[in-house]
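The structure appears below as structure tokens.
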Amino acid sequence: MNQAERKKQLKERKKIIRRLTAFGIIAIVMAGGFSTEIGQKTQIEEDSKIWSETISFTEYSDETEADETVLISTPYLSQADKYPTGCECVSAAMVLQFWGYSYTVDELIEQFLPMSDLKAKRNGQLTGLSPEEAFIGNPYLEDSYGCYAPVICQMLEQAVDSQNEVRNLTGMGMEELCREYLDEGLPVLCWVTINMEEPGEGTSWRLEGEDEWFTWIAKEHCMVLVGYDNNDYYFNDPYDGNGLVHWEKSLTQMRYEQLGCQAVALI
């Protein structure tokens with residue numbers, strides 16, 4: 001599916017939401033299947049073909065506590081074996097492929113990723129760029145670091161055509177990301193930690209051309225937020241081939257905040 005078709009699909013999804021609301025349907029939409037309690041079944045079943053490729057949700061009647069699950073079907077890629085520190089690039093590739101672009105992770109790295117190594121002075125002091133300016137190290141190497149949202153925004157802006165817009169969503173909370181992007185069928189790159197572990201203090205270096213030090217956050221990680229329910233957030237996690245994972249909401253929000261509430265989306 002190319003990006004023009006994807007945009008058309010997202011517009012159709014909004015029409016389906018309006019139609020479901022108008023008909024007052026209680027529905028279960030999982031793996032493309034609808035169970036309806038009142039009319040318009042033929043139309044709704046046709047709509048489910050579009051819906052199932054975009055998002056799934058579950059909603060129960062007013063007599064029970066609402067239990068909604070949103071899960072966006074997003075291509076999965078692993079960083080295992082080849083990209084030990086390349087979680088940001090692998091996550092960016094997943095979002096690009098969601099939109100119909102055919103870039104591989106290698107192509108993104110080779111064509112669009114600014115990289116910079118740390119330099120050691122004679123006194124052993126390290127100097128280098130900020131991870132907001134470049135990927136620190138090399139995503140193919142174990143002893144490298146990574147990059148922050150502005151670098152991935154720069155990468156994506158070079159990779160996409162005029163039909164898509166890159167948005168740096170840094171500062172938005174997790175619930176806000178869900179309301180404004182996942183509910184519209186749009187996955188979001190988020191910076192958290194590996195396996196939601198407690199972050200630590202990593203390597204420090206003096207920023208080039210500045211009288212300021214930067215300290216890397218150990219366990220930094222980037223994943224693609226693809227869904228949520230009442231209790232958890234769901235991610236495509238490139239680390240160690242983890243696949244689709246889910247983590248408790250309060251823990252995820254904590255780790256997300258510890259990494260500066262960094263997030264990026266394509267629209």
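Keep in mind that what you see is a predicted model, and the values were worked out from it rather than measured.
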Practice prompt. Provide the closest heavy-atom pair for P187 versus V224 in the form atom of the first, atom of the second, distance.
Written response: CB-CG1, 3.7 Å

Worksheet entry | Same apolar cluster (I L V M F W Y, side chains within < 4.5 Å links), V90/Y103 | yes

Worksheet item: Applying the 4.5 Å side-chain criterion to the ILVMFWY set and letting contacts propagate, would L259 and L251 be lumped into a single cluster?
Response: yes

Worksheet entry | Gap separating the CE atom of M155 from the CZ atom of F135, nearest 0.5 angstrom | 9.0 Å

Practice prompt. Please say whether more than 12 non-hydrogen atoms of neighbouring residues, nucleotides or ligands are located less than 6.0 Å from OH in Y239.
Written response: no

Worksheet entry | E210, CD: over 12 other non-hydrogen atoms inside 6.0 angstrom | yes

Worksheet entry | hydrophobic_cluster_shared for L244 and Y76, side chain cutoff 4.5 Å | yes

Discussion item. Please find the pair of heavy atoms, one from N123 and one from Q125, that lie closest to each other, and give the distance.
Written reply: OD1-N, 2.9 Å

Practice prompt. Could you tell me whether the side chain of L182 reaches within less than 4.5 Å of the side chain of V188, counting heavy atoms only?
Written response: yes

Worksheet item: In Å and rounded to the nearest 0.5 Å, what is the OH to CG distance from Y101 to D161?
Response: 3.5 Å

Discussion item. Using every non-hydrogen atom in the two residues, find where T215 and G202 come nearest and quote the distance to one decimal.
Written reply: CG2-O, 3.6 Å

Item to complete: Taking T85 for its side chain and N138 for its backbone only, find out whether a donor-acceptor pair lies under 3.5 Å.
Response: yes

Fill in: Close side-chain approach of R179 and M172, heavy atoms under 4.5 Å
no

Worksheet item: Mind checking whether P139 and L113 have side chains closer than 4.5 Å, heavy atoms only?
Response: yes

Worksheet item: Can you find a pair of side-chain heavy atoms, one from N168 and one from P150, that are under 4.5 Å apart?
Response: yes

Worksheet entry | Minimum heavy-atom distance between S116 and A134, given as atom pair plus value | CB-CB, 4.0 Å

Worksheet entry | Distance-only polar pair, side chains of E175 and Y233, donor-acceptor under 3.5 Å | yes

Item to complete: Identify the heavy atoms of C222 and C87 that sit nearest to each other, and give their distance.
Response: N-SG, 3.4 Å

Response to the item:
Output for pair (M174 CE, R255 CZ), nearest 0.5 Å, gives 13.0 Å

Practice prompt. Report yes or no: does Q262 contribute a side-chain atom to a donor-acceptor pair with the main-chain N or O of A149 at less than 3.5 Å?
Written response: yes

Worksheet item: Quick one: does P238's side chain get under 4.5 Å of M223's, heavy atoms only?
Response: yes

Discussion item. Quick one, E88 with S91, criterion side-chain contact (heavy atoms from CB on, under 4.5 Å). Give me CA distance, side-chain angles, the key distance, then yes/no.
Written reply: CA-CA 5 Å; E88 304 94 344; S91 294; 5.9 Å; no

Worksheet entry | Hydrophobic cluster identity match, I194 and I217, side-chain contacts under 4.5 Å | no

Worksheet item: Less than 4.5 Å apart, any side-chain heavy atom of L77 and any of Q97?
Response: yes

Worksheet item: Is a side-chain donor-acceptor pair under 3.5 Å present for H246 with N231?
Response: no

Fill in: Intermediate values then yes/no, side-chain contact (heavy atoms from CB on, under 4.5 Å), L266 and V166
CA-CA 5 Å; L266 277 183; V166 181; 3.5 Å; yes

Discussion item. Are W247 and M254 connected into the same hydrophobic cluster when the rule is that any two of I, L, V, M, F, W, Y join if their side-chain heavy atoms are below 4.5 Å apart?
Written reply: no

Practice prompt. Assess the side chains of T104 and D106: does a donor N or O sit below 3.5 Å from an acceptor N or O?
Written response: no

Practice prompt. Quick one: do Q79 and V105 satisfy side-chain contact (heavy atoms from CB on, under 4.5 Å)? Show the steps, please.
Written response: CA-CA 9 Å; Q79 70 183 93; V105 178; over 6 Å; no

Worksheet item: Can you tell me if CG on D211 sees more than 12 non-hydrogen neighbours from other groups inside 6.0 Å?
Response: no

Worksheet item: So which heavy atom on W191 is nearest to which on C147, and how close?
Response: NE1-O, 3.0 Å

Worksheet item: What distance do M115 atom CE and L141 atom CG have between them, rounded to the nearest 0.5 Å?
Response: 9.0 Å

Worksheet item: Relative to the ring of W216, is the ring of W205 parallel (under 30°), tilted (30 to 60°) or perpendicular (over 60°)?
Response: parallel

Worksheet item: Would a line drawn from the ring center of Y83 to the ring center of Y140 be shorter than 6.0 Å?
Response: yes

Practice prompt. Might you confirm whether atom NZ of K219 has over 12 heavy atoms from other residues, nucleotides or ligands at distances under 6.0 Å?
Written response: no

Fill in: Rounded distance (nearest 0.5 Å) linking atom OG1 of T74 with atom CH2 of W99
11.0 Å

Worksheet entry | Validation row: L96, V160 side chains within 4.5 angstrom (heavy atoms) | yes

Worksheet item: Hey, what do you get for CD (E110) to SG (C89), rounding to the nearest 0.5 Å?
Response: 11.0 Å

Worksheet item: Taking C-beta and beyond as the side chain, do Y256 and L225 meet within less than 4.5 Å on heavy atoms?
Response: no

Item to complete: Could you check E68 against Y228 for side-chain contact (heavy atoms from CB on, under 4.5 Å), going step by step and ending with a plain yes or no?
Response: CA-CA 8 Å; E68 184 180 44; Y228 67 91; 3.5 Å; yes

